[in-house]
Amino acid sequence: MQGQRLMGQTWAAHGAAAAAGGAVGLALLPASCLEPCPSCPHIPAIPIPAALIVMSLPHSPTQGLLFILLQTMDLITFLYMLLQSLIHYLRRVGDVWDEKTHQRMELRAKRLEKKRIQLEQELEQLALRQNEGVWEDLLWSALQLWQVWAVAGFFILLLGLYFFWRKRSDEAENNGEEDQEDDVLDDDLRWLLEQIPWPVQDLQAGCEWTTGLMDNYTVYFGHVLSNSFYPVLQRAIGVGSAFEGWSPREQDVVYQVLIPMTPPPGHSFHLELDSAGHKHVRNFRVRVQLECTCTGEQQGENLLCFLHQPEEELRSSQEPSLLDTLCIGSYLDVHKTARWFCQLVRAVWPALPHSHNWHLTLLPSRRSCQFKVTNGIESFRMEMLFGVRRGDSDIFVSSQTAEAYTPSTTWPETYAVAEVKFFKYIASQAPADSLHLRCLQLFIHVQLGFGFSTYMVKTIVMHLLNIIPVSHWRRRYFLQRLGDINVNLRRCLERKRLNHFVIGNKRLPQEISLPLDIASAEPPNLLHHLAQSPAAHSQAMSEYQDLQHRLESMLLNGH
């Protein structure tokens, strides 16, 4: 081809420079050299000195243009082969070079080769138009500018590939180290995790079964109470440890549900904070007030106004108001409500589908409805709590209490719904191998028999879950997190203070809704009794030392 002859003539004109450096001759390599090889004799080890290249520049415009084109083709060929070598090298570096990136680099190399062929064709066409001086000047400037940008772009590409390769290599090395650590950790932790007394019953299956039973109860409650003036029962909310994903019991797990109550027609509920209560406990009373139903929409054809209808007509034509059934004076009574609730549960049971295969047994309780259902093979123990929601928040006043004696008209504030929502939020964010519940379960088991309550340990774990990233509760961090629980327990005992988790906590997830007075309140101290009694504090510190010995014995000896 004429272009090839011209190339040969041009190379002969500056053969001295090629002999001195040799690198420009890459454009004349045979096709077999397109795959780079370090031992190939066609690839020189030393590039052309810049001075020799400048000295060999031709002087006429036509010769200069041809020279630039040849230089450009040489550069493209050099870039193509260097890129091929780089790809070949990175293939041997390790598995860190992913297939997608490799394909992109192959495509880049093919584009450079295509550009070289295209410039060779343009060179042949240019030789036929040597007398067109205007195009010579334009192409001269354009090709010079293209060379500058090509070199700059290529070195930017090399720099990017270098950092990319370093990053991927570091990641692969770190992952390899983590895998080795995890393998060792698995051997060390397997026996320890086997020591955790996890509930025999499948908690998730038990929660689903309980939810299904409560949904059936809710439907029948609505039918039975539709024409009465008892509290309206809403859908049950699963609360407590089982619905949080753990349980302090190995056997006989208790599935707790909270059933919100709303006032019946002609009534309203008003929550009154008990100012005589302790600072660390917020107790309420539920005042029941009759409302006028003379105007507005009537929920029943025979609904009479409790405020403006004669008492004789009310007694003869309408069921008694809530004040006459479940209240003491103007306040809703917990004990009366619990008895009514148990009677309702037993009365509705025969109508449920579950009654065909399961047997219901009511258990004694004054402030809730507890019962057990069994089919001869499986059994579930349940506790129905009832309460009134504070506005549209996740805070309720409920029948549950942790104190030895609570007046029947006292409804303590409960944070069980907010806490179960917090555990569900953590579960949605945590990795699949998170062991935060295992940490809680193990520590609860270790502290049994000491004076530390389950709720105290749970509160410490919730605080840690709220400040330590969920990714750091994975298997490889198990012992660290277990140590964090132990250290925080000791610090709380030494300082005689453990802040409530919900009240006044500014770091709760947005999914949890709190009343304004709860969100802005000063967190109560769950260890207030230690601050008030030096003897109780000394006993707590002594028990902690015994707990420490038990924990060390379990970690070292497995028992």
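Since we're looking at a predicted model, the values are computed, not measured.
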Do Phe422 and Glu244 make a side-chain contact, defined as non-hydrogen atoms from C-beta onward lying under 4.5 Å apart?
no

Where do Val286 and Met261 land on the side-chain contact (heavy atoms from CB on, under 4.5 Å) test, with the steps shown first?
CA-CA 11 Å; Val286 181; Met261 300 186 302; over 6 Å; no

Are Ser241 and Val253 close enough that some pair of their side-chain heavy atoms sits under 4.5 Å apart?
no

Check this for me, if you would: do Lys424 and Glu511 make a salt bridge, where the nitrogen-to-carboxylate-oxygen distance has to be below 4.0 angstrom?
no

Just to verify, what does Thr409 make a side chain to side chain donor-acceptor pair (under 3.5 Å) with, not counting sequence neighbours?
none

Arg491 meets the salt bridge (Lys or Arg N to Asp or Glu O under 4.0 Å) criterion, sequence neighbours left out, with none

Main chain of Ile426, side chain of Gln429: is a donor-acceptor contact present, judged purely on distance under 3.5 Å?
no

Gln289 CD to Phe269 CZ distance, which is reported to the nearest 0.5 Å:
12.0 Å

Go through the steps to decide whether Ile518 and His500 satisfy the test side-chain contact (heavy atoms from CB on, under 4.5 Å), and finish with yes or no.
CA-CA 11 Å; Ile518 292 293; His500 195 279; over 6 Å; no

Between Phe423 and Leu440, is any pair of side-chain heavy atoms under 4.5 Å apart?
yes

Testing the basics here: between Tyr255 and Phe380, what is the closest heavy-atom pair and its distance to 0.1 Å?
CE1-CD2, 3.8 Å

Check whether Arg481 reaches the backbone of His472 with its side chain - one donor and one acceptor, N or O, closer than 3.5 Å.
yes

Are the side chain of Gln548 and the backbone of Asn486 linked by a donor-acceptor contact shorter than 3.5 Å?
no

Treating Glu543 as the side-chain partner and Gly451 as the backbone partner, does any N or O pair qualify as donor plus acceptor under 3.5 Å?
yes

Can we say Arg475 and Asp433 salt-bridge, meaning some charged N sits less than 4.0 Å from an Asp/Glu carboxylate O?
no

Test item: Thr210 side-chain N/O and Gly206 main-chain N/O as donor-acceptor pair under 3.5 Å
yes

Considering only heavy atoms from C-beta outward, does the side chain of Leu498 approach that of His463 to under 4.5 Å?
yes

Smallest separation among heavy atoms of Pro407 and Arg367, with atom names:
O-NH1, 3.4 Å

Spacing of CG belonging to Leu551 relative to CG belonging to Leu442, to within rounding of 0.5 Å:
7.0 Å

Please assess Met462 against Asn505 for the test side-chain contact (heavy atoms from CB on, under 4.5 Å), listing each intermediate value before the final yes or no.
CA-CA 11 Å; Met462 288 191 293; Asn505 191 342; over 6 Å; no

Value for CG (Asn216) from OG1 (Thr211), rounded to nearest 0.5 Å, stands at 11.5 Å

When every non-hydrogen atom of Leu225 is compared with those of Pro231, the smallest separation belongs to CD1-O, 3.7 Å

Counting N and O atoms only, with roles assigned by atom type, does the side chain of Arg249 sit under 3.5 Å from a partner on the main chain of Val254, one being a donor and the other an acceptor?
no

Test Asp517 against Arg390 for side-chain contact (heavy atoms from CB on, under 4.5 Å), laying out the working first.
CA-CA 11 Å; Asp517 63 321; Arg390 291 198 56 196; 3.1 Å; yes

Rounding to 0.5 Å, atoms CD (Gln370) and CD (Gln256) come to a distance of 8.0 Å

Short side-chain to backbone donor-acceptor contact, Gln441 and Ser247, under 3.5 Å:
yes

Heavy-atom pair of closest approach, residues Arg474 and Pro431
CG-CG, 3.4 Å

For residues Ser268 and Glu291, report the shortest heavy-atom separation together with the two atoms involved.
OG-OE2, 2.6 Å

Shortest non-hydrogen separation from Leu385 to Ser368 and the atoms involved:
CD2-CB, 3.6 Å

What's the separation between atom CE in Met214 and atom CD1 in Ile237, rounded to the nearest 0.5 Å?
13.5 Å

Can you find a heavy atom in the side chain of Met382 that is under 4.5 Å from one in the side chain of Val257?
no

Please check this pair: side chain of His528 against backbone of Leu526, looking for a donor-acceptor N/O pair closer than 3.5 Å.
no

Can I get a per-line list of side-chain donor-acceptor pairs under 3.5 Å for residues 337-361, giving both atom names and the distance, sequence neighbours left out?
{"unit_1": "Thr337", "atom_1": "OG1", "unit_2": "Asp333", "atom_2": "O", "d": "2.6"}
{"unit_1": "Ser355", "atom_1": "OG", "unit_2": "Pro350", "atom_2": "O", "d": "3.2"}
{"unit_1": "Ser355", "atom_1": "OG", "unit_2": "Leu352", "atom_2": "O", "d": "2.7"}

Starting at NE2 of His335, measure out to OG1 of Thr406 and round the result to the nearest 0.5 Å.
8.0 Å

Crowding at CD, Gln204 (>12 non-hydrogen neighbours, <6.0 Å)
no

Heavy-atom side-chain contact between Lys458 and Glu419 under 4.5 Å:
yes

Should the heavy atoms of other residues, nucleotides or ligands under 6.0 Å from CG of Leu516 be counted, would the total exceed 12?
no

So do Met541 and Glu494 actually touch side chain to side chain, heavy atoms under 4.5 Å?
yes

I want to check something: taking the side chain as every heavy atom from C-beta on, are Leu547 and Leu489 in contact at a cut-off of under 4.5 Å?
yes

So does Ala531 get a backbone contact from the side chain of His537, meaning a donor-acceptor N/O pair under 3.5 Å?
no

